[in-house]
Enquirer: 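Below you'll find the structure I mean.
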Amino acid sequence: MNLLAAVLAAAAVSAQSPASPADPVAYRVELAKAGDTSVAVTITLPAAAPGPVTLVIPRAVPMGYSEQLYDRYVADVTGSGAEDAAVPVVGEDGPRWRIGASGGSVRRVAYRVDLARMEREILGAADSSRARPGYVGLLGYSVFGYLEGFESRPVALEAAAPADWPIFTTLAPQATPPLAKATAAAADFYALADSQVAMGPALVVLKLESRVPLYLAAYPEGPVELAFTGSLVAHALDALVAYFGSAPFPHYTAHLELLKPLSPRHGYGFSMEHLESSHYFLAADSAVTALSPEPLRRRVLFNFAHHVAHAWVPKRASGEGYFPFSWELAPLIDTIWLSEGFARYAAIEALADAMPEAEGLAYRKAALESLRATLPGIPAFIREMPLVPLSRIASTRYSEDFRTGRTLFTRGALLAAELDEAIRAGSSGRKRLRDFFRHLMAWSAANRPGFRIDELPGLVRDATGIETGEVWERWLR
Ligand SMILES: [Zn+2]
(Lines give C-alpha, C1' and ligand atoms only; values in the text may rest on other atoms or scores of the structure.)
Protein backbone atom coordinates (compact mmCIF):
# COMPACT_ATOMS: atom_id res chain seq x y z
CA MET A 1 0.00 0.00 0.00
CA ASN A 2 1.45 3.40 -0.92
CA LEU A 3 1.26 6.40 1.39
CA LEU A 4 -1.76 7.99 -0.27
CA ALA A 5 -3.68 4.72 -0.19
CA ALA A 6 -2.77 4.29 3.47
CA VAL A 7 -3.96 7.78 4.28
CA LEU A 8 -7.23 7.22 2.39
CA ALA A 9 -7.77 3.87 4.13
CA ALA A 10 -7.13 5.44 7.52
CA ALA A 11 -9.52 8.25 6.64
CA ALA A 12 -12.19 5.73 5.67
CA VAL A 13 -11.78 3.92 8.98
CA SER A 14 -11.98 7.13 10.96
CA ALA A 15 -14.93 8.47 8.95
CA GLN A 16 -17.20 7.15 11.71
CA SER A 17 -15.45 9.37 14.21
CA PRO A 18 -14.38 12.95 13.63
CA ALA A 19 -11.29 12.48 15.80
CA SER A 20 -7.97 11.62 14.20
CA PRO A 21 -6.66 8.06 14.78
CA ALA A 22 -3.68 9.68 16.49
CA ASP A 23 -5.88 11.31 19.14
CA PRO A 24 -5.53 9.45 22.43
CA VAL A 25 -8.21 7.66 24.35
CA ALA A 26 -8.24 9.17 27.86
CA TYR A 27 -8.16 6.74 30.78
CA ARG A 28 -8.66 7.83 34.35
CA VAL A 29 -8.36 5.57 37.38
CA GLU A 30 -9.10 6.95 40.82
CA LEU A 31 -8.91 5.77 44.39
CA ALA A 32 -11.26 8.29 46.00
CA LYS A 33 -10.06 8.06 49.60
CA ALA A 34 -7.68 6.20 51.88
CA GLY A 35 -9.19 2.92 52.99
CA ASP A 36 -11.27 2.44 49.84
CA THR A 37 -10.92 -0.99 48.32
CA SER A 38 -12.34 -0.20 44.92
CA VAL A 39 -11.25 2.13 42.13
CA ALA A 40 -13.27 4.08 39.59
CA VAL A 41 -12.25 3.90 35.94
CA THR A 42 -13.43 6.17 33.13
CA ILE A 43 -12.59 5.80 29.44
CA THR A 44 -13.22 8.89 27.31
CA LEU A 45 -13.03 8.78 23.54
CA PRO A 46 -11.42 11.74 21.75
CA ALA A 47 -14.78 12.37 20.08
CA ALA A 48 -18.24 10.85 20.35
CA ALA A 49 -18.46 7.56 18.43
CA PRO A 50 -21.60 6.19 16.82
CA GLY A 51 -23.37 3.81 19.20
CA PRO A 52 -23.29 1.17 20.26
CA VAL A 53 -19.70 0.55 21.35
CA THR A 54 -18.49 -2.50 23.24
CA LEU A 55 -16.52 -2.44 26.49
CA VAL A 56 -14.23 -5.48 26.85
CA ILE A 57 -12.53 -6.38 30.14
CA PRO A 58 -9.53 -8.74 29.82
CA ARG A 59 -9.84 -12.37 30.86
CA ALA A 60 -6.41 -13.31 29.51
CA VAL A 61 -3.19 -11.35 29.91
CA PRO A 62 0.09 -11.36 27.98
CA MET A 63 2.41 -14.05 29.41
CA GLY A 64 -0.31 -15.17 31.81
CA TYR A 65 -0.79 -18.57 30.10
CA SER A 66 -4.12 -18.83 31.92
CA GLU A 67 -7.41 -17.03 32.25
CA GLN A 68 -8.64 -14.74 35.03
CA LEU A 69 -12.20 -13.48 34.94
CA TYR A 70 -11.45 -9.83 35.74
CA ASP A 71 -14.93 -8.89 34.51
CA ARG A 72 -16.30 -10.46 37.71
CA TYR A 73 -14.91 -7.56 39.73
CA VAL A 74 -16.38 -4.87 37.48
CA ALA A 75 -19.61 -3.16 38.60
CA ASP A 76 -21.71 -0.06 37.95
CA VAL A 77 -20.92 0.18 34.23
CA THR A 78 -22.36 3.40 32.81
CA GLY A 79 -22.06 5.21 29.51
CA SER A 80 -22.69 8.72 28.26
CA GLY A 81 -23.05 10.27 24.84
CA ALA A 82 -22.26 13.55 23.14
CA GLU A 83 -23.97 15.94 25.59
CA ASP A 84 -22.99 13.82 28.58
CA ALA A 85 -26.46 12.28 28.56
CA ALA A 86 -26.66 8.74 29.92
CA VAL A 87 -26.93 5.97 27.34
CA PRO A 88 -28.20 2.41 27.87
CA VAL A 89 -25.76 -0.32 29.00
CA VAL A 90 -26.41 -4.03 28.41
CA GLY A 91 -24.18 -6.80 29.73
CA GLU A 92 -23.45 -9.41 27.07
CA ASP A 93 -22.04 -12.93 27.10
CA GLY A 94 -18.37 -13.00 28.04
CA PRO A 95 -16.54 -9.98 29.48
CA ARG A 96 -18.49 -7.49 27.32
CA TRP A 97 -20.93 -4.66 27.78
CA ARG A 98 -22.82 -2.99 24.93
CA ILE A 99 -22.85 0.76 25.53
CA GLY A 100 -25.35 3.04 23.78
CA ALA A 101 -27.69 2.28 20.92
CA SER A 102 -27.65 2.63 17.16
CA GLY A 103 -28.60 6.12 16.10
CA GLY A 104 -27.01 7.54 19.27
CA SER A 105 -23.43 8.29 20.23
CA VAL A 106 -21.00 7.27 22.95
CA ARG A 107 -18.27 9.45 24.40
CA ARG A 108 -17.51 8.04 27.83
CA VAL A 109 -17.72 4.75 29.72
CA ALA A 110 -17.26 4.40 33.47
CA TYR A 111 -17.17 1.51 35.92
CA ARG A 112 -15.84 0.43 39.30
CA VAL A 113 -13.43 -2.41 40.11
CA ASP A 114 -13.63 -4.22 43.46
CA LEU A 115 -9.98 -4.83 44.42
CA ALA A 116 -10.70 -6.52 47.75
CA ARG A 117 -12.86 -9.16 46.13
CA MET A 118 -10.33 -9.62 43.31
CA GLU A 119 -7.52 -10.30 45.76
CA ARG A 120 -9.71 -12.61 47.85
CA GLU A 121 -10.80 -14.72 44.90
CA ILE A 122 -7.65 -14.82 42.74
CA LEU A 123 -5.24 -17.05 44.60
CA GLY A 124 -2.10 -16.32 42.54
CA ALA A 125 -0.56 -13.05 43.77
CA ALA A 126 0.86 -12.30 40.33
CA ASP A 127 -2.62 -12.10 38.83
CA SER A 128 -4.33 -9.70 41.23
CA SER A 129 -4.34 -6.04 42.11
CA ARG A 130 -4.57 -5.25 45.80
CA ALA A 131 -5.67 -2.66 48.34
CA ARG A 132 -3.92 -2.88 51.70
CA PRO A 133 -3.80 -0.26 54.47
CA GLY A 134 -1.81 2.70 53.08
CA TYR A 135 -1.19 1.05 49.73
CA VAL A 136 -2.93 0.20 46.48
CA GLY A 137 -1.20 -1.69 43.67
CA LEU A 138 -2.91 -1.98 40.30
CA LEU A 139 -2.03 -4.34 37.45
CA GLY A 140 -3.16 -2.52 34.32
CA TYR A 141 -4.94 -5.44 32.71
CA SER A 142 -6.88 -6.29 35.85
CA VAL A 143 -8.59 -2.88 35.99
CA PHE A 144 -8.46 -1.42 32.47
CA GLY A 145 -10.75 -2.56 29.68
CA TYR A 146 -10.93 -1.23 26.14
CA LEU A 147 -13.60 -0.08 23.77
CA GLU A 148 -13.58 -2.45 20.85
CA GLY A 149 -12.00 -0.91 17.76
CA PHE A 150 -10.05 1.65 19.82
CA GLU A 151 -7.41 -0.64 21.31
CA SER A 152 -4.66 0.44 18.91
CA ARG A 153 -5.14 4.16 19.70
CA PRO A 154 -2.62 5.94 21.89
CA VAL A 155 -3.63 6.31 25.51
CA ALA A 156 -3.44 9.30 27.88
CA LEU A 157 -3.57 8.03 31.45
CA GLU A 158 -4.47 10.02 34.54
CA ALA A 159 -4.18 8.13 37.81
CA ALA A 160 -5.61 9.82 40.90
CA ALA A 161 -5.05 9.08 44.58
CA PRO A 162 -6.13 10.72 47.84
CA ALA A 163 -4.60 14.21 48.26
CA ASP A 164 -1.56 13.27 50.37
CA TRP A 165 -0.77 9.95 48.69
CA PRO A 166 2.26 9.57 46.38
CA ILE A 167 1.36 7.86 43.13
CA PHE A 168 3.66 6.00 40.73
CA THR A 169 3.13 4.63 37.24
CA THR A 170 5.57 2.36 35.43
CA LEU A 171 4.72 4.27 32.23
CA ALA A 172 6.42 7.42 33.58
CA PRO A 173 8.38 6.48 36.70
CA GLN A 174 9.67 9.20 39.02
CA ALA A 175 12.06 8.84 41.94
CA THR A 176 9.86 11.18 43.97
CA PRO A 177 6.35 10.26 42.91
CA PRO A 178 3.92 13.18 42.68
CA LEU A 179 1.12 13.48 45.23
CA ALA A 180 -2.52 12.83 44.29
CA LYS A 181 -2.13 12.66 40.51
CA ALA A 182 0.17 11.06 37.97
CA THR A 183 -0.14 11.31 34.21
CA ALA A 184 1.46 9.25 31.46
CA ALA A 185 1.14 8.29 27.82
CA ALA A 186 1.02 4.79 26.38
CA ALA A 187 1.38 3.72 22.76
CA ASP A 188 -1.83 1.70 22.81
CA PHE A 189 -4.10 -0.34 25.05
CA TYR A 190 -1.56 -3.16 25.25
CA ALA A 191 1.06 -0.82 26.71
CA LEU A 192 -1.46 0.57 29.21
CA ALA A 193 -2.69 -2.88 30.20
CA ASP A 194 0.89 -4.08 30.61
CA SER A 195 1.75 -1.24 33.02
CA GLN A 196 1.28 -0.92 36.79
CA VAL A 197 0.17 1.86 39.12
CA ALA A 198 1.18 1.91 42.78
CA MET A 199 0.16 4.48 45.38
CA GLY A 200 0.01 5.26 49.06
CA PRO A 201 2.11 6.33 52.02
CA ALA A 202 3.41 2.76 52.40
CA LEU A 203 4.92 2.82 48.89
CA VAL A 204 8.73 3.15 48.76
CA VAL A 205 10.43 4.24 45.52
CA LEU A 206 14.18 4.00 44.94
CA LYS A 207 16.12 5.20 41.91
CA LEU A 208 18.89 2.67 41.25
CA GLU A 209 22.30 2.97 39.64
CA SER A 210 22.09 1.22 36.28
CA ARG A 211 22.80 1.48 32.54
CA VAL A 212 19.19 2.63 32.00
CA PRO A 213 16.99 4.68 34.35
CA LEU A 214 15.89 2.02 36.82
CA TYR A 215 13.39 2.26 39.67
CA LEU A 216 12.35 -0.02 42.50
CA ALA A 217 8.73 0.53 43.54
CA ALA A 218 8.19 -1.46 46.70
CA TYR A 219 5.48 -2.21 49.18
CA PRO A 220 7.04 -4.14 52.08
CA GLU A 221 4.86 -5.72 54.76
CA GLY A 222 7.93 -7.14 56.46
CA PRO A 223 11.58 -6.22 56.97
CA VAL A 224 13.54 -6.09 53.73
CA GLU A 225 16.79 -4.46 52.61
CA LEU A 226 15.41 -2.57 49.65
CA ALA A 227 18.74 -1.05 48.63
CA PHE A 228 20.32 -4.52 48.54
CA THR A 229 17.35 -6.02 46.69
CA GLY A 230 17.57 -3.11 44.25
CA SER A 231 21.27 -3.75 43.70
CA LEU A 232 20.41 -7.29 42.58
CA VAL A 233 17.82 -5.92 40.13
CA ALA A 234 20.36 -3.42 38.78
CA HIS A 235 22.98 -6.14 38.39
CA ALA A 236 20.50 -8.35 36.51
CA LEU A 237 19.35 -5.51 34.26
CA ASP A 238 22.88 -4.36 33.43
CA ALA A 239 23.96 -7.93 32.64
CA LEU A 240 21.05 -8.36 30.23
CA VAL A 241 21.53 -5.00 28.51
CA ALA A 242 25.17 -6.02 27.96
CA TYR A 243 24.11 -9.45 26.65
CA PHE A 244 21.51 -8.18 24.18
CA GLY A 245 23.65 -5.19 23.23
CA SER A 246 21.09 -2.47 23.95
CA ALA A 247 17.99 -1.75 26.02
CA PRO A 248 14.65 -1.76 24.17
CA PHE A 249 12.99 0.42 26.85
CA PRO A 250 13.61 4.04 27.94
CA HIS A 251 13.34 3.13 31.65
CA TYR A 252 12.59 0.09 33.75
CA THR A 253 10.77 -0.56 37.01
CA ALA A 254 10.95 -3.52 39.35
CA HIS A 255 7.69 -3.56 41.29
CA LEU A 256 8.16 -5.52 44.48
CA GLU A 257 5.41 -6.49 46.89
CA LEU A 258 6.50 -8.22 50.06
CA LEU A 259 3.21 -9.54 51.36
CA LYS A 260 1.72 -11.27 54.32
CA PRO A 261 -0.35 -14.01 52.66
CA LEU A 262 -4.06 -13.21 52.54
CA SER A 263 -4.89 -16.84 53.30
CA PRO A 264 -3.07 -20.16 53.34
CA ARG A 265 -4.55 -20.86 49.89
CA HIS A 266 -2.97 -17.78 48.33
CA GLY A 267 0.30 -18.36 46.44
CA TYR A 268 3.18 -15.88 46.15
CA GLY A 269 5.69 -17.90 44.14
CA PHE A 270 5.33 -16.47 40.64
CA SER A 271 6.65 -13.21 39.23
CA MET A 272 5.42 -11.41 36.13
CA GLU A 273 7.24 -9.67 33.31
CA HIS A 274 6.08 -6.66 31.32
CA LEU A 275 7.34 -4.39 28.51
CA GLU A 276 9.28 -2.04 30.79
CA SER A 277 8.70 -3.47 34.24
CA SER A 278 8.43 -6.69 36.16
CA HIS A 279 6.49 -7.53 39.25
CA TYR A 280 7.71 -9.66 42.14
CA PHE A 281 5.74 -11.11 44.99
CA LEU A 282 7.31 -12.41 48.11
CA ALA A 283 5.80 -13.80 51.24
CA ALA A 284 6.95 -11.53 54.08
CA ASP A 285 9.30 -14.15 55.52
CA SER A 286 11.36 -14.71 52.37
CA ALA A 287 13.08 -11.36 51.83
CA VAL A 288 16.70 -11.51 50.76
CA THR A 289 19.46 -9.55 52.50
CA ALA A 290 23.20 -9.07 52.02
CA LEU A 291 23.67 -11.69 54.76
CA SER A 292 21.43 -14.33 53.15
CA PRO A 293 23.19 -17.54 52.12
CA GLU A 294 24.73 -17.28 48.68
CA PRO A 295 22.42 -19.87 47.06
CA LEU A 296 19.39 -17.77 48.11
CA ARG A 297 20.98 -14.54 46.86
CA ARG A 298 21.83 -16.25 43.56
CA ARG A 299 18.30 -17.62 43.24
CA VAL A 300 16.75 -14.20 43.79
CA LEU A 301 19.23 -12.59 41.38
CA PHE A 302 18.42 -15.22 38.76
CA ASN A 303 14.67 -14.70 39.24
CA PHE A 304 15.18 -10.98 38.55
CA ALA A 305 17.38 -11.72 35.52
CA HIS A 306 14.94 -14.24 34.10
CA HIS A 307 12.00 -11.84 34.28
CA VAL A 308 13.98 -8.87 33.00
CA ALA A 309 15.11 -11.07 30.04
CA HIS A 310 11.47 -11.42 29.04
CA ALA A 311 11.47 -7.72 28.11
CA TRP A 312 13.44 -8.92 25.07
CA VAL A 313 12.04 -12.45 24.64
CA PRO A 314 9.12 -12.74 24.08
CA LYS A 315 7.89 -9.19 24.77
CA ARG A 316 9.74 -7.86 21.72
CA ALA A 317 10.70 -11.06 19.88
CA SER A 318 8.16 -13.85 19.88
CA GLY A 319 6.57 -16.58 17.87
CA GLU A 320 3.16 -16.14 16.34
CA GLY A 321 0.26 -15.88 18.78
CA TYR A 322 1.74 -13.37 21.25
CA PHE A 323 0.76 -10.30 19.21
CA PRO A 324 -1.75 -8.94 18.65
CA PHE A 325 -2.93 -10.26 21.99
CA SER A 326 -6.26 -12.02 22.41
CA TRP A 327 -7.71 -10.47 25.60
CA GLU A 328 -10.88 -12.50 25.99
CA LEU A 329 -9.55 -16.03 25.53
CA ALA A 330 -5.99 -17.11 26.32
CA PRO A 331 -4.32 -17.67 22.91
CA LEU A 332 -2.84 -21.06 22.03
CA ILE A 333 0.88 -20.51 21.56
CA ASP A 334 3.34 -22.91 19.89
CA THR A 335 6.57 -21.37 21.20
CA ILE A 336 6.36 -21.12 25.00
CA TRP A 337 9.42 -23.42 25.15
CA LEU A 338 11.35 -20.71 23.31
CA SER A 339 9.93 -17.73 25.25
CA GLU A 340 10.55 -19.36 28.60
CA GLY A 341 13.55 -21.56 27.85
CA PHE A 342 15.58 -19.15 25.74
CA ALA A 343 14.89 -16.26 28.14
CA ARG A 344 16.12 -18.50 30.95
CA TYR A 345 19.24 -19.40 28.99
CA ALA A 346 19.87 -15.74 28.11
CA ALA A 347 19.66 -14.89 31.82
CA ILE A 348 22.15 -17.66 32.69
CA GLU A 349 24.55 -16.48 30.00
CA ALA A 350 24.18 -12.79 30.88
CA LEU A 351 24.91 -13.43 34.57
CA ALA A 352 27.82 -15.74 33.66
CA ASP A 353 29.27 -13.10 31.31
CA ALA A 354 29.28 -10.64 34.22
CA MET A 355 31.45 -13.00 36.32
CA PRO A 356 35.17 -13.74 36.04
CA GLU A 357 35.55 -16.31 33.23
CA ALA A 358 36.14 -19.46 35.28
CA GLU A 359 33.36 -18.59 37.71
CA GLY A 360 31.02 -17.88 34.80
CA LEU A 361 31.74 -21.25 33.19
CA ALA A 362 31.11 -23.04 36.48
CA TYR A 363 27.90 -21.07 36.99
CA ARG A 364 26.61 -21.98 33.52
CA LYS A 365 27.50 -25.64 34.01
CA ALA A 366 25.75 -25.81 37.39
CA ALA A 367 22.67 -24.01 36.05
CA LEU A 368 22.31 -26.44 33.14
CA GLU A 369 22.89 -29.43 35.42
CA SER A 370 20.18 -28.30 37.80
CA LEU A 371 17.81 -27.87 34.84
CA ARG A 372 18.60 -31.39 33.61
CA ALA A 373 18.04 -32.75 37.11
CA THR A 374 14.39 -31.59 37.16
CA LEU A 375 13.27 -33.62 34.13
CA PRO A 376 13.37 -37.15 35.59
CA GLY A 377 10.86 -36.09 38.27
CA ILE A 378 8.23 -35.22 35.66
CA PRO A 379 5.88 -37.98 34.46
CA ALA A 380 6.99 -39.35 31.09
CA PHE A 381 3.74 -38.49 29.29
CA ILE A 382 4.49 -34.80 29.86
CA ARG A 383 8.28 -34.97 29.78
CA GLU A 384 8.31 -36.73 26.40
CA MET A 385 5.49 -34.84 24.71
CA PRO A 386 6.69 -32.94 21.61
CA LEU A 387 7.31 -29.27 22.44
CA VAL A 388 4.65 -27.72 20.20
CA PRO A 389 1.63 -29.69 21.47
CA LEU A 390 2.91 -29.32 25.04
CA SER A 391 3.22 -25.56 24.46
CA ARG A 392 -0.40 -25.43 23.34
CA ILE A 393 -1.51 -27.28 26.46
CA ALA A 394 0.55 -24.99 28.71
CA SER A 395 -0.95 -21.93 26.98
CA THR A 396 -3.81 -22.08 29.49
CA ARG A 397 -2.26 -23.89 32.48
CA TYR A 398 1.44 -23.13 32.57
CA SER A 399 1.60 -22.43 36.29
CA GLU A 400 -1.59 -24.20 37.39
CA ASP A 401 0.02 -27.47 36.33
CA PHE A 402 3.62 -26.38 36.57
CA ARG A 403 4.80 -29.77 35.29
CA THR A 404 3.92 -28.42 31.83
CA GLY A 405 5.70 -25.11 32.43
CA ARG A 406 8.77 -26.72 33.96
CA THR A 407 9.14 -29.20 31.11
CA LEU A 408 8.85 -26.43 28.52
CA PHE A 409 11.35 -24.03 30.03
CA THR A 410 13.80 -26.81 30.85
CA ARG A 411 13.79 -28.36 27.39
CA GLY A 412 13.77 -24.90 25.78
CA ALA A 413 16.82 -23.81 27.81
CA LEU A 414 18.67 -27.04 27.06
CA LEU A 415 17.91 -26.60 23.35
CA ALA A 416 19.31 -23.06 23.55
CA ALA A 417 22.44 -24.38 25.28
CA GLU A 418 22.97 -26.99 22.59
CA LEU A 419 22.51 -24.40 19.84
CA ASP A 420 25.03 -22.17 21.57
CA GLU A 421 27.53 -25.03 21.75
CA ALA A 422 26.98 -25.87 18.04
CA ILE A 423 27.45 -22.23 17.03
CA ARG A 424 30.60 -21.81 19.11
CA ALA A 425 32.08 -25.08 17.82
CA GLY A 426 31.15 -24.35 14.19
CA SER A 427 32.59 -20.83 14.29
CA SER A 428 35.70 -21.67 16.32
CA GLY A 429 34.36 -19.51 19.13
CA ARG A 430 33.82 -16.39 17.03
CA LYS A 431 30.02 -16.56 17.24
CA ARG A 432 27.58 -17.58 19.92
CA LEU A 433 23.84 -17.73 20.54
CA ARG A 434 24.06 -14.12 21.72
CA ASP A 435 24.55 -13.12 18.06
CA PHE A 436 21.33 -14.92 17.15
CA PHE A 437 19.45 -13.14 19.96
CA ARG A 438 20.70 -9.74 18.76
CA HIS A 439 19.78 -10.55 15.17
CA LEU A 440 16.37 -11.82 16.29
CA MET A 441 15.67 -8.54 18.11
CA ALA A 442 16.41 -6.47 15.01
CA TRP A 443 14.49 -8.89 12.77
CA SER A 444 11.48 -8.90 15.13
CA ALA A 445 11.28 -5.11 15.22
CA ALA A 446 10.66 -5.21 11.47
CA ASN A 447 8.63 -8.42 11.28
CA ARG A 448 5.58 -8.27 13.50
CA PRO A 449 3.60 -10.23 14.57
CA GLY A 450 6.33 -12.82 15.05
CA PHE A 451 8.49 -15.63 13.71
CA ARG A 452 7.40 -19.05 12.55
CA ILE A 453 9.27 -22.01 13.99
CA ASP A 454 10.49 -23.02 10.54
CA GLU A 455 12.16 -19.61 10.14
CA LEU A 456 14.40 -20.08 13.18
CA PRO A 457 17.26 -22.13 11.65
CA GLY A 458 17.52 -19.52 8.88
CA LEU A 459 17.68 -16.71 11.44
CA VAL A 460 20.51 -18.53 13.24
CA ARG A 461 22.32 -18.98 9.92
CA ASP A 462 21.86 -15.29 9.03
CA ALA A 463 23.24 -14.27 12.42
CA THR A 464 26.11 -16.72 12.73
CA GLY A 465 26.72 -18.53 9.43
CA ILE A 466 26.15 -21.85 11.21
CA GLU A 467 23.67 -24.56 10.15
CA THR A 468 21.63 -25.73 13.15
CA GLY A 469 18.61 -27.33 11.43
CA GLU A 470 19.45 -30.77 12.79
CA VAL A 471 19.55 -29.50 16.40
CA TRP A 472 16.16 -27.81 16.12
CA GLU A 473 14.63 -30.84 14.47
CA ARG A 474 15.90 -33.25 17.11
CA TRP A 475 14.57 -31.13 20.01
CA LEU A 476 11.25 -30.31 18.37
CA ARG A 477 10.51 -33.83 17.22
ZN1 LIG B 1 9.42 -16.76 32.50
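Numbering of ligands and ligand atoms starts at 1, following listing order. Fair warning: this is a prediction, and the values are worked out from it, not measured in the lab. Values reported hereafter were calculated over all heavy atoms of this structure, with side chains retained and with hydrogens, waters and symmetry mates removed. We count residues from 1, following the sequence as given.
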Enquirer: Would you find a donor on one side and an acceptor on the other, under 3.5 Å apart, between the side chain of R117 and the backbone of R72?
Expert: yes
Enquirer: I'd like to know if the Zn ion (ligand 1) has an N/O/S atom from H307 within less than 2.8 Å of it, counting both backbone and side-chain atoms.
Expert: no
Enquirer: For a ring-ring contact (aromatic ring centres under 6.0 Å, His included) check, start with the C-alpha distance between F281 and Y268, then their side-chain angles and the critical distance, and finish with the verdict.
Expert: CA-CA 6 Å; F281 307 86; Y268 296 82; 7.6 Å; no
Enquirer: According to the interplanar angle, ranging from 0 to 90°, do the rings of W443 and F451 count as parallel (below 30°), tilted (30 to 60°) or perpendicular (above 60°)?
Expert: tilted
Enquirer: Which angle, to the nearest 10 degrees, do you find at the Zn ion (ligand 1) between NE2 in H310 and NE2 in H306?
Expert: 90°
Enquirer: Side chains of H266 and S263: any donor to acceptor distance under 3.5 Å?
Expert: yes
Enquirer: When you measure from the Zn ion (ligand 1) to each N, O or S atom of E340, which atom gives the shortest distance?
Expert: OE1
